[in-house]
Amino acid sequence: MKPLVKAAVAAALTIAAMPQANAEGQARVNPFTVPYTTPYEIPPFADITYADYLPALRQGIEEQRAEIEAIAANPETPTFDNTILAMDKSGQLLNKVMLVFASLDETDNTPEMQEISEVAYPLYSEAADEISMNPRLFERIKYLYDKRESLGLDGPQKRAVEEAYKSFSRNGALLSPEKKEELKQVNKRLTDLYLTFNKNLLAATNACEILVSDPAELAGIPAGIVETARTEAEKRGYKGGNHWAFTLHAPSRLPVLRYADSRDLRRRMYEAYMTLASKAPYDNRPVIGDIVRTRARKAALLGFRDYASYMTDNVMAKTPEAAKDLLMKIWAPATARVAEEVAEMQALANEQGAGITIAPYDYYYYSDKVRAKKFDLDENEVSAYFALDNVRKGIFTLAEKLYGIKFTEMPDAPKYNPEVNVYDVTDAKTGEHIAVFMTDYFPRASKRQGAWMSEFKGSYADPDGTVGRPIIYNVGNFTRPTADTPALLTIDEVETMFHEFGHGLHGMLSRAKLRSQSGTNVDRDFVELPSQITEHWAFRPELLKDYAFHYKTGEVIPAELVAKMEGASTHGQGFRTTELAGAALLDLEWGALNPAEGDAIDVDAFEAQVAKNLQMPSTVAYRYRSPYFKHIFGSDGYASGYYTYLWAEVLDTDGFELFEEKGVFDPETARKFRENILEKGGSEDPMELFVKFRGHTPSVEPLLRNRGLLPKTDKLPIPGGK
């Protein structure tokens, strides 16, 4: 960070601790510390300054500390209400601050936010440790846990008691005072390492450019992507007409790999991506070594064999072996299909006289050409029917048809960025307010890559009748519009929008009473079910007719083009499945590693050894190499848990077959899915919820059939299923 920026932020943080005044000399009130007066309590983003975060965070920590002390010191016999419910309702100011800060830290990661994060996240982590290691609080939870069968608790209450006991145990409640102190230091160390990893990744991504000065190298790349690259070159200081700057952001990187006729340009892009965050000054490999060592120590402190065992212990899989068993059932047919795909691509390259052997940077390019030849499908032609605004209308139409909810734009609502759109979500029949939904779909230099869903406010229903409805948002990094065309989405981008909207529905439609059980507060390997099942509707003819219109003519997408898309839907699934399963298996291997303090960790060699052990095809790389595998090294959210996308796909493909049997908009099936999956959150066992919806435990076969990798007759049970 520049010295002047550092000084400015430090000054701002110092000033934040002092009373402030507005232009009229009145004391300024920190907007976090008073009730929001905005519609539906949307955070008043325009009123929030950098100087507000840390004072409100510290005040929130102190308030929750007092609340927890009151619970722990309560002389009354522990009950669900005076212990579990009281804990659930504690820390509301702290939660209010962190939901806004963590969200904006991902979408607008300015130098100022980075500086604040170096203080905020450690403070938040330490406060969480203080609660989870409070011995008197744990005594009350243990009392309830031991008597849970005789207390007359309903299902969600009993589950909340069990989850609280397990959470406290997993976070050190059973450790000696000395071990608790060591665990606190381990957690603080991990928080610092995650911050470093994320800062390096964002900086490395923004610093990288693939510069083109010869127009001939642009052959094959869509005109809109070329124009965006020219604009990017100008932003980066390259003046004159013959400069185009491509970046590692997906809307720039993927079109080069897919469409560029220049093999050298494709190679440069591929190699830049493969070495992202692997060079000074943003080299994440030493950081990964420190993370792996520190995680191994944490697992050992808590009595687990390794970090993967610790992370899978409290989710559906239960063990890393069960997760790996699922992945290997998928791995064999996927890699076999890769061999077939490469043979097809090599034959086409030979036919065209290319004189090459297919390499990893050729995969996207020749896969598209094989698809075009086999199915007569041109993705540029397809994208013309998927303008971003129309696709957004498509997801809203889907929600109204399935769940009877309506989205009405709120143009004057508070926004954290001018590109955000805000919607009031209501019951289409009664007009009842259900949620607020926000979308933020375009890349920015300060926004991290990828797509995600989160919330500015969760939902709950307290015993006194107080009900809180959620504020949910979706973030993406989709292709931007140009001067003469709207944002036209690729097939992958359309699927991504539907995917994140599925997460959004999980948050918006939640009816769980407890804050800790609402929305996406579910087992990590269950959380992708609502998102992934929603993808199945994206290209259904029954929905396409309502939203897929040509951006120039307004013509609905032709039936013959839809048929081509359907025919090509499993094309390239060997590659897609192998890179995904490979990354998930790499993640589990990292979690199984137990290096001693001071042991050297060669990240590149470790990845290569895992690939060798798996006999990974040489033409396929991991979906994410470790230095930019943010899912598993940017936090512990998906660490030893990247497998969950495929685990949940077992559930979603099996579940969607019920919609196909009954009708994709069948009201009764939609009701069962809404009531048993979307509304319940984490209030019941996830496998039991799935069985209530589907009528049976799931099998792997629908996933493999959906990806075109297995004959219809094979039946394989999901590991861990009942």
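Under the rule for a ring-ring contact (aromatic ring centres under 6.0 Å, His included), the partners of Phe478 that lie at least two apart in sequence or sit in another chain are Tyr441. Considering only residues two or more places apart in sequence or on other chains, Phe673 meets the ring-ring contact (aromatic ring centres under 6.0 Å, His included) condition with Phe693.
Aromatic rings from Phe498 and Phe501 are positioned such that their centres are separated by 6.0 Å or more. For His631 and Tyr624, the ring centers sit closer than 6.0 Å to each other. For Phe633 and Tyr628, the ring centers sit 6.0 Å or farther from each other. No close placement of the Tyr365 and Tyr270 rings is indicated, their centers lying 6.0 Å or farther apart. Taking the centre of each ring, Tyr638 and Tyr645 come in below the 6.0 Å mark.
The aromatic rings of Phe656 and Trp537 lie perpendicular to each other, with more than 60° between the two planes, well past the 30° mark. The aromatic rings of Tyr642 and Phe629 lie perpendicular to each other, with more than 60° between the two planes, well past the 30° mark.
Inspection of the Thr397 and Glu400 side chains reveals no N or O donor paired with an N or O acceptor under 3.5 Å. Side-chain atoms of Ser383 and Asn380 form no donor-acceptor pair, as typed in the model, at a separation below 3.5 Å. Side-chain polar atoms of Glu660 and His536 form no donor-acceptor pair below 3.5 angstrom. Glu493 and Thr479 share a donor-acceptor pair across their side chains, judged by distance under 3.5 Å alone. A donor-acceptor pair shorter than 3.5 Å can be found between the side chains of Ser367 and His571. A side-chain donor from one of Glu341 and Tyr363 sits under 3.5 Å from a side-chain acceptor of the other. Side chain to side chain, Thr577 and Arg707 meet the donor-acceptor criterion of an N or O pair below 3.5 Å. Counted by atom type alone, Tyr259 and Glu379 present zero donor-acceptor pairs between their side chains at under 3.5 Å. Side-chain contact of Lys447 with Asn477: a donor-acceptor pair under 3.5 Å is absent, judged by distance alone.
Using a 4.0 Å cut-off between charged nitrogen and carboxylate oxygen, Asp376 and Arg371 do not count as a salt-bridge pair. Salt-bridge annotation for Lys401 and Glu542: absent, with no side-chain N of the basic residue lying under 4.0 Å from a carboxylate O of the acidic one. A salt bridge is absent between Asp306 and Arg295; no separation between the charged side-chain nitrogens and carboxylate oxygens falls under 4.0 Å.
For the pair Asn350 (side chain) and Gln346 (backbone), a donor-acceptor distance under 3.5 Å is present. Between the side chain of Arg337 and the backbone N or O of Gly574 there is no donor-acceptor pair closer than 3.5 Å.
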Could you walk me through whether Thr335 and Gln615 pass the side chain to side chain donor-acceptor pair (under 3.5 Å) check? CA-CA 9 Å; Thr335 53; Gln615 296 183 313; over 6 Å; no

Begin from the C-alpha positions of Arg253 and Thr247 and carry the test side chain to side chain donor-acceptor pair (under 3.5 Å) through to its verdict. CA-CA 6 Å; Arg253 180 184 81 252; Thr247 72; over 6 Å; no

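Going from atom OG1 of Thr534 over to atom NE2 of His499 covers 9.0 Å, rounded to the nearest 0.5 Å. Taking CG from Leu588 and CG from Leu593, the interatomic distance works out to 12.5 Å, rounded to the nearest 0.5 Å. Residue Glu500 holds its CD atom at 9.0 Å from CD of Glu535, rounded to the nearest 0.5 Å. Note that the NZ atom of Lys324 and the CG atom of Leu585 stand 6.5 Å from one another [nearest 0.5 Å].
Within 6.0 Å of the NZ atom in Lys393, the count of heavy atoms belonging to other residues, nucleotides or ligands does not exceed 12.
Here ring-ring contact (aromatic ring centres under 6.0 Å, His included) pairs that include residues 311-335, with residues two or more places apart or in two chains, number zero.
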